[in-house]
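These figures come from a predicted structure and were not determined experimentally. All residue numbers refer to positions in the sequence shown, counting from 1.
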Amino acid sequence: MGLVTDPCLKILFSLFLLSAFAYSSTIAAKARHFKWQVEYIHWSPDGLEGVVMGINGQFPGPTIRARAGDTIHVELTNKLPTEGVVIHWHGIRQIGTPWADGTASISQCAINSGETFVYRFKVDKAGTYFYHGHYGMQRSAGLYGSLIVDVAEGENEPFHYDGEFNILLSDWWHKSSHEQEVDLSSIPMRWIGEPQVIKTSIFVCGCFVLFYFLCV
Ligand SMILES: [Cu+2]
């Protein structure tokens, strides 16, 4: 009773189910647009002012929050006067979009000073990820931020919790990333030593709270 037995009707019924599924996943998934400007800014990550690499005037860079199945569009303009830049989306599988992986000289050319490049990719799995510069020592210069993908619309997480704190941890040297690069690539190599600080950025309810652990 209620079973579709005719072969033609079976095919039609399957096609109907498939299109209904495709339609529902299309309306649930969103395109999320971001406009970023990467530039050097003055900042005091641990109380000592220096020059860091920021995005839209902030360090660490803005948090991207999306849902599984969404498409991320990041229109990135390189405002660094003398360097190229790329962003790697750490942990994102880039299925079908290898050119958006952001590895300089491997999956794309570095974005030249003054140029704009649009990263477009789908975040297919929920998780807590991060993004970072993938050219030269730019991650060490401060080019990174959080990328958080919640479960798809209508799906539940497989566990319960009372609150959420997203923590970004990073080594921090008082030497500039350029000085570190010259030290590490000189012959004989000059070791840059231990970082002066482990910098912690905790993201709570829309605000960054910064903590520092001084290494002595
Ligand atoms: Cu990475």
Side-chain angles (χ1 to χ4, degrees), residues 28-46 50-80 85-95 97 100-103 111 116-135 137-153 155-172 177 197-213:
K30 284 189 180 143
R32 301 190 186 259
H33 294 264
F34 303 90
K35 258 190 167 186
W36 284 2
Q37 296 201 332
V38 176
E39 59 193 330
Y40 283 110
I41 53 175
H42 289 104
W43 206 265
S44 309
D46 59 354
V51 168
V52 306
M53 206 170 267
I55 299 174
N56 295 346
Q58 73 180 73
F59 163 78
T63 296
I64 290 182
R65 189 116 203 181
R67 283 190 177 277
D70 287 353
T71 304
I72 308 292
H73 298 236
V74 176
E75 188 182 323
L76 187 151
T77 300
N78 179 0
K79 304 274 280 184
L80 306 166
V85 72
V86 290
I87 300 277
H88 171 63
W89 315 93
H90 195 104
I92 303 300
R93 301 192 291 178
Q94 300 293 357
I95 296 170
T97 52
D101 198 39
T103 49
I111 307 160
T116 297
F117 179 83
V118 182
Y119 286 99
R120 256 187 226 99
F121 57 92
K122 197 168 173 175
V123 285
D124 63 317
K125 280 180 89 173
T128 307
Y129 307 96
F130 81 116
Y131 60 83
H132 61 87
H134 207 296
Y135 186 59
M137 303 278 287
Q138 293 180 348
R139 188 171 65 111
S140 193
L143 189 55
Y144 59 81
S146 292
L147 166 53
I148 298 162
V149 182
D150 294 303
V151 292
E153 192 91 50
E155 281 182 23
N156 292 319
E157 290 178 359
F159 38 77
H160 297 285
Y161 52 89
D162 296 325
E164 183 177 308
F165 301 90
N166 294 299
I167 301 177
L168 269 173
L169 277 174
S170 172
D171 288 338
W172 194 256
S177 58
V197 167
I198 295 174
K199 207 184 83 50
T200 313
S201 311
I202 302 184
F203 194 70
V204 192
C205 307
C207 308
F208 269 119
V209 184
L210 302 178
F211 291 89
Y212 316 103
F213 299 99

Within-4.5 Å side-chain heavy-atom neighbours: I111 and T116: no

Residues forming a salt bridge (charged side-chain N to carboxylate O under 4.0 Å, His left out) with R120, sequence neighbours excluded: none

Residues in side chain to side chain donor-acceptor pair (under 3.5 Å) contact with N56, at least two apart in sequence or another chain: none

Sub-4.5 Å side-chain heavy-atom contact between T103 and V86: no

D124: side chain to side chain donor-acceptor pair (under 3.5 Å) partners, not counting sequence neighbours: R93

Contacts of type side chain to side chain donor-acceptor pair (under 3.5 Å), residue T97, not counting sequence neighbours: Q94

Counterpart residues, ring-ring contact (aromatic ring centres under 6.0 Å, His included), relative to H90 (two or more places apart): H88, F130, H132

Residue pair I92, L147: steps toward the side chain to side chain contact (heavy atoms under 4.5 Å, CB included) verdict: CA-CA 10 Å; I92 303 300; L147 166 53; 3.8 Å; yes

Smallest separation among heavy atoms of A126 and A68, with atom names: N-CB, 4.1 Å

V85 and L76, any side-chain heavy atoms less than 4.5 Å apart: yes

Verdict with supporting geometry, I87 and H134, side chain to side chain contact (heavy atoms under 4.5 Å, CB included): CA-CA 6 Å; I87 300 277; H134 207 296; over 6 Å; no

Nearest-0.5 Å distance that lies between atom CZ in F121 and atom CG in D101: 9.5 Å

Short side-chain to backbone donor-acceptor contact, W89 and A100, under 3.5 Å: yes

Between CE on residue M53 and OH on residue Y40, distance to nearest 0.5 Å: 3.0 Å

I72 side chain reached by Y119 side chain, heavy atoms, under 4.5 Å: no

Side-chain heavy-atom pair P62, I55 within 4.5 angstrom cut-off: yes

Heavy-atom closest contact (E39 atom, L80 atom, distance): CA-CD2, 3.7 Å

Plane angle bin for W172 and F59 - parallel if under 30°, tilted between 30 and 60°, otherwise perpendicular: tilted

Side chain to side chain contact (heavy atoms under 4.5 Å, CB included) between I148 and I64, worked out: CA-CA 6 Å; I148 298 162; I64 290 182; over 6 Å; no

For E155 against V151, the heavy-atom pair lying closest together: O-CG2, 3.4 Å

Reference residue D150; test salt bridge (charged side-chain N to carboxylate O under 4.0 Å, His left out); the match among R65, K125, R67: R65

Beyond-backbone contact of P45 with V197, side-chain heavy atoms, under 4.5 angstrom: no

Non-hydrogen atoms of G69 and A29 that approach each other most closely: O-CB, 3.3 Å

Spacing of T71 atom OG1 and K30 atom NZ [to the nearest 0.5 Å]: 12.5 Å

With Y131 via side chain to side chain donor-acceptor pair (under 3.5 Å) - residues at least two apart: none

Considering all heavy atoms, the nearest I41-G54 contact: CD1-CA, 3.9 Å

